[in-house]
Number of protein chains: 2
Amino acid sequence: MTTEDQRGPDIEAGTPTPTSGDVLTVPFVDAPIFTRPRALRPRGKVLPEHARSHNRALVLQTLYTSGAQSRADVARETGLTRVTISDLVADLIAEGLVVELGQREDARPGKPATLIDVDRAAFHIVGIDLSEHQRFVGAVVDLDGGIVSRAEVAHDGATGEAAVVLVTDLVRRLLASTTTPVLGIGVGSPGVVDPLGVVRSAPNLGWTDVALQARLQAEFALPVHVANDANVAVLAEHGSSHQDDLLLVKIGHGVGAGLIIGGRPVIGGGFAAGEIGHVVVGTDGGPRCACGKYGCLEAWLAVPRLTAQLDALDPDAPDAASARDDILREAGRRLGIVLAPVVGALNLSEVVLSGPAELLDGPLHAATVDTLRMRTMAEHNRDLRLRMTEQAEDVVLRGAAVMVLSGQLGVS
Amino acid sequence: MTTEDQRGPDIEAGTPTPTSGDVLTVPFVDAPIFTRPRALRPRGKVLPEHARSHNRALVLQTLYTSGAQSRADVARETGLTRVTISDLVADLIAEGLVVELGQREDARPGKPATLIDVDRAAFHIVGIDLSEHQRFVGAVVDLDGGIVSRAEVAHDGATGEAAVVLVTDLVRRLLASTTTPVLGIGVGSPGVVDPLGVVRSAPNLGWTDVALQARLQAEFALPVHVANDANVAVLAEHGSSHQDDLLLVKIGHGVGAGLIIGGRPVIGGGFAAGEIGHVVVGTDGGPRCACGKYGCLEAWLAVPRLTAQLDALDPDAPDAASARDDILREAGRRLGIVLAPVVGALNLSEVVLSGPAELLDGPLHAATVDTLRMRTMAEHNRDLRLRMTEQAEDVVLRGAAVMVLSGQLGVS
DNA sequence: GTTTGTTCGTAAGCTTTACTAACAAACGTG
DNA sequence: CACGTTTGTTAGTAAAGCTTACGAACAAAC
């Protein structure tokens, strides 16, 4: 009943099992790949079939990012021979992942090329975002990251099992809304999520060791990937950014971060990488935080805190505008103070802010940049970019789709 | 004349070329490996020979870390078959990297096993540390990391080409001191070093874009690896620690850090990862730094700064001891303040301090731990360990050896 | 209209790699 | 001594990608 095939969609076969703990050790497929970066430790044997699946994913990735092209084009781009590409493409066509599009139009010497491309209409992905305040959001996403349809449900503070049921229902509604085969389900959850998709701890949802991945997979017999919301979000940004090092700061009801270093997501020893919301900022105190400490990043920067401060301003005061700017600037400065050591230690080239643009994309952003420049060594971080997300509201949804794409096809 | 063989030592053949830009993409040999971590992008094709060299390194790694054992033992540990192991081992024996040690002594049923092991006496490695104050230090290191012989030279502030010549002479002396074949030369340099071993910038040595790796390789016709001193040091610590995430803070004349995340060294977009010496600490000013800013980590923590402060104390004052402790504690607190965001963001499980133990291993260490605990979320960083290096003075030398070992044999 | 050169995709055969199956040698145990 | 176990090797097979070669289809030049 269950197949071992991790890569194939194999929807009609019933229960594709997204196996997690394989023995490989690469960057691609981290989708298995091979980089001889520098000093590393072989993590496990490599068999021919691993090489094959790597190359398979490489072809898929090439088509996915570069668009329709001939087999010969793919061969040139990947370095594999035309023969091997033809062979791999034949497999991919048989699996329904790739389609032939007919001959190339433009006039060139030689035999006209047969264009092939990923069949971008062949599959949909269900993406779920559990990080919004008071509601669960979901969408059907196509292979290009386009939102096909949406659904959401207020959870009204539901926790524990009730919240799991709400998530399940949301997924079911989304699955019912599409007749296209679904490649898998991706979920971005707040809290600490381990690589097996167990939500180790998500206080807001009252979850402790909830095996969300296993639950959803058993329920829907589809590949399911679950990860922390910010870690998921940074995947979406990574797709559009093509930077190998990337930090995304997600500012909402709480503050969290997602990190990609050397092209690979950072999970952390306790699976809590990116949890910077309760790091203390500066050495001059600060507002009391829900966690009991004073001056946590979240106490300075979380959206409710910011809006509360702004709402407290007298809108009719003569200096209302500048008072507003001061508040946002100070928040931005605090963010810069926390980020400076991280940017310095990792020599990051790109930092992305995600959250309400009306709050973040102005004095706050400017102050963060200034603070970062003033507190790190300009020489080393000359080309640091701090920018707003390009994905607006849907970072987590799209990131969830990328996670599935990457996990199932080795494509991002 | 030159061979393409990246793995074999091939000393007598003349000029082994440690090619840098191969097409692989893995975590092992990152030395080529294959981890299907999570969402990654295939970086290049994988050929059967890549798989072979991965497995070859795997065997070597297994023998290196687990010690003498039979081919069958290796087969069980790696998951490869006895046949394949025999085949790989035959290659390794032919290359002189592995030796047969005769039959196993202990009495067990069955045919007695023939023990094999890495020939730990077959090769030496030359390690160079350019990060010490006013002198260059070098050593001949055996494959187990033992120091065979040492040499050093005062550079008396020599810079530029003169400094390069001193390094070259130091290497020459060390090479002359051993008759054992040398696997390669590893150099830990201060400053920013790119993956090709070009020292992009090392102010103390007056170096800008010095192609040290190329120079030494041309001179000695041996594989050469050059990297930043702290990044090299963390390799040594990684070997003994067996943690996949590791931060080493090297406190000497300056302050720098080396990072390993997910088992792989972090280089940084501008090759300046770990350069945290000039990150500003706290929001309450601080001593003026050589770089012009106030309150840089280095201005708080560099050894000259600490000793200057301690020397200024009146040794006969009644509270001399507690005044000393206060100074060290404050320095430790500052370190904790800078590390907190990094530890939080990366969810690090282990941080190592390297430097003069009489300064670091006491109130300073304790204050850093306390500060880290107070400024991060205890729940996520419960099992964080902060410890002193186990390698004492020789971290960089041994790390340089590990770098060569890893680069040439895929072993660490 | 013909020739030339180019490009595409495929077919056949080779090499590399690791696997399974089988076995001889060498050893304990009953 | 017969039997079972373990080791390491031999022989043969399957998978993967490579090189070489070729037919088809086209543009450009004559």
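Keep in mind that the numbers below use all heavy atoms, side chains included, and drop hydrogens, waters and symmetry copies. Residue numbering restarts at 1 for every chain, and letters A, B, ... go by the order of the sequence lines.
Across B:Leu97 and B:Phe123, no two heavy atoms sit closer than the pair CD2-CE1, 3.5 Å. In plain terms, the two heavy atoms of A:Val234 and A:Asn231 that are nearest each other are CG1-O, 3.2 Å. The nearest pair of heavy atoms linking A:Thr180 to A:Ala121 is CG2-O, 3.5 Å. Taking every heavy atom of both residues into account, A:Gly96 and A:Asp119 meet most closely at O-CB, 4.0 Å. The two residues B:Gly79 and A:Lys45 have their closest heavy-atom pair at O-NZ, 2.9 Å.
As rounded to whole Å, 11 Å separates atom P of C:dG9 from atom CD1 of A:Ile85. Computed from coordinates, the A:Ile116 CD1 to C:dC8 P distance equals 12 Å when rounded to whole Å. Separating the NZ atom of A:Lys45 from the P atom of C:dT17 is a distance of 17 Å, rounded to the nearest angstrom. Between the P atom of D:dT6 and the CG atom of B:Leu115 lies a distance of 17 Å, rounded to the nearest Å. A:His50 has its NE2 atom 17 Å from the C1' atom of D:dG17, to the nearest Å. Residue A:Leu47 contributes atom CG, which lies 9 Å from atom C1' of C:dC19 at whole-angstrom precision.
Summarising the base pairing, C:dG5 is matched to D:dC26 through a Watson-Crick or G-U wobble pair whose two defining distances lie under 3.5 Å.
Residues from residues 69-82 of chain B lying near DNA chain C, meaning a heavy-atom separation below 4.0 Å, are B:Leu80, B:Thr81 in numerical order.
Note on A:Glu49 versus A:Arg56: no salt bridge recorded, every NZ/NE/NH1/NH2 to OD/OE distance being 4.0 Å or above.
OP1 and OP2 of D:dA15 both lie 4.0 Å or more from every side-chain N or O belonging to A:Arg52. Look at A:Asn55 and you won't find any side-chain N or O under 4.0 angstrom from OP1 or OP2 of D:dA16. Within the 4.0 Å cut-off from OP1 or OP2 of C:dT10, at least one side-chain nitrogen or oxygen of A:Ser86 is found.
The side chain of A:Val83 lies closest to C:dA11, out of D:dT9, C:dG9, C:dA11. Closest to the side chain of B:Gln103, out of C:dC19, C:dC27, C:dG9, is C:dC27. Among C:dC19, C:dG9, C:dC27, the nucleotide with an atom closest to any side-chain atom of B:Pro112 is C:dC27.
The nearest heavy atom of DNA chain D to A:Leu88 and to A:Lys111 marks one nucleotide each, and the one closer to the 5' end goes with A:Leu88.
Using modelled atom types and a 3.5 Å distance limit, the side chains of B:Thr84 and B:Asp87 yield no donor-acceptor pair.
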